[in-house]
Amino acid sequence: MLLREERELVAEYGRKMSADRLSTGTSGNLSIYDPEHGLMAISPSGMGYFDIRPEDVVVTDLGARMVEGDRKPSSEWALHAAFYRRKPEARAVVHTHSVYCTTFAVLGKPIEAVHYAIADAHTDRVPCAPYETFGSPELARVAVDTCGTANAVLLANHGLVVCGDSMQSAYALASNMEFVAELQYRAMCVGKPNILSGAQMEEVLEKFRTYGQPK
Ligand SMILES: [Zn+2]
């Protein structure tokens, strides 16, 4: 089986995404990119995450050519492919409809630096891309354009997309963005959140570059 390890991880993190309530029903999708072969392992379209086995995960190239798998790939394959094309360091993409991130996407408002954890997205502000129909090439284009050098972007009236250098880091980023979005929402319910200044976030972003265990 092609990309066996990657397909197992996509199946495993799909179950995690459902269990952690970052996605409801069959919403959201995940992929891992293998730059050596120019192939991605992407979750299948419209299957419950607890039913997806590694062999249900589809292998395609970045031009939507099916390479291995019997299932139809996620309807957002173009969104995933656009991230790998634009961001050569990306190895995994996670797309969720998590409730708090999507709440700000519905408002067309960015996630702000209400907590320093936003620096995990390599930015002090996660912007919101303009609305385009799900699964369309236009959505893929506005998402990567709006994301810029960050690793996370909201999709208006839709959800969140993040990328990372591994499935583990992309998944952790999707969880972190939901945490920050929830804080922003809750703070706005009772008052006006204090947003960290550019200088404060610059210091955090610098620390994040060397945070954690050396690779
Ligand atoms: Zn979606």
Side-chain angles (χ1 to χ4, degrees), residues 7 9-33 40-52 56-58 60 62 64 69 71-87 90-111 121 126-148 150-164 167 169-182 185:
R7 288 160 102 174
L9 271 177
V10 167
E12 180 191 335
Y13 276 81
R15 290 191 294 274
K16 210 167 146 46
M17 188 161 88
S18 224
D20 292 345
R21 303 180 65 96
L22 288 181
S23 76
T24 334
T26 62
S27 75
N29 32 72
L30 334 85
S31 70
I32 299 180
Y33 181 57
M40 67 174 171
I42 185 163
S43 49
S45 179
M47 275 185 82
Y49 285 104
F50 286 93
D51 299 328
I52 297 174
D56 295 316
V57 175
V58 187
T60 73
L62 297 188
R71 303 287 183 183
K72 208 170 111 192
S74 160
S75 54
E76 295 295 4
W77 71 263
L79 179 68
H80 291 249
F83 271 81
Y84 297 127
R85 271 200 222 99
R86 187 73 65 89
K87 292 175 172 290
R91 294 292 176 269
V93 170
V94 174
H95 165 52
T96 72
H97 295 178
S98 57
V99 173
Y100 290 97
C101 285
T102 307
T103 300
F104 286 102
V106 165
L107 294 166
K109 284 192 186 309
I111 305 173
V126 173
C128 184
Y131 179 79
E132 293 290 352
T133 309
F134 83 94
S136 66
E138 291 77 18
L139 177 64
R141 188 174 46 76
V142 297
V144 283
D145 283 352
T146 308
C147 191
N151 278 351
V153 64
L154 296 175
L155 309 176
N157 303 83
H158 184 160
L160 169 79
V161 193
V162 303
C163 63
M167 178 51 83
S169 68
Y171 187 84
L173 178 56
S175 304
N176 260 338
M177 291 309 97
E178 183 65 359
F179 167 71
V180 178
E182 181 172 355
Y185 169 85

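Just so you know, ligand 1 is whichever comes first in the structure, and atom 1 is the first atom listed for that ligand. Residue numbers run from 1 in the order of the sequence given.
Partner V126 forms a side-chain contact (heavy atoms from CB on, under 4.5 Å) with one of V180, L154, V162 and no other, that one being L154.
Evaluation of the side chain to side chain contact (heavy atoms under 4.5 Å, CB included) rule for D51 yields M47 as partners, not counting sequence neighbours. Every residue two or more places apart in sequence or in another chain that forms a side chain to side chain contact (heavy atoms under 4.5 Å, CB included) with A82 is listed here: A140, V144. E178 is linked by a salt bridge (Lys or Arg N to Asp or Glu O under 4.0 Å) to nothing, counting only residues two or more places apart in sequence or in another chain.
When all heavy atoms are compared, the tightest approach of V10 to A41 is CG2-O, 3.6 Å.
Protein contacts to the Zn ion (ligand 1) involving N, O or S atoms at a distance below 2.8 Å are H95 NE2, H97 NE2, H158 NE2.
Ring geometry for Y185 versus F104: interplanar angle over 60°, hence perpendicular rather than tilted (30 to 60°).
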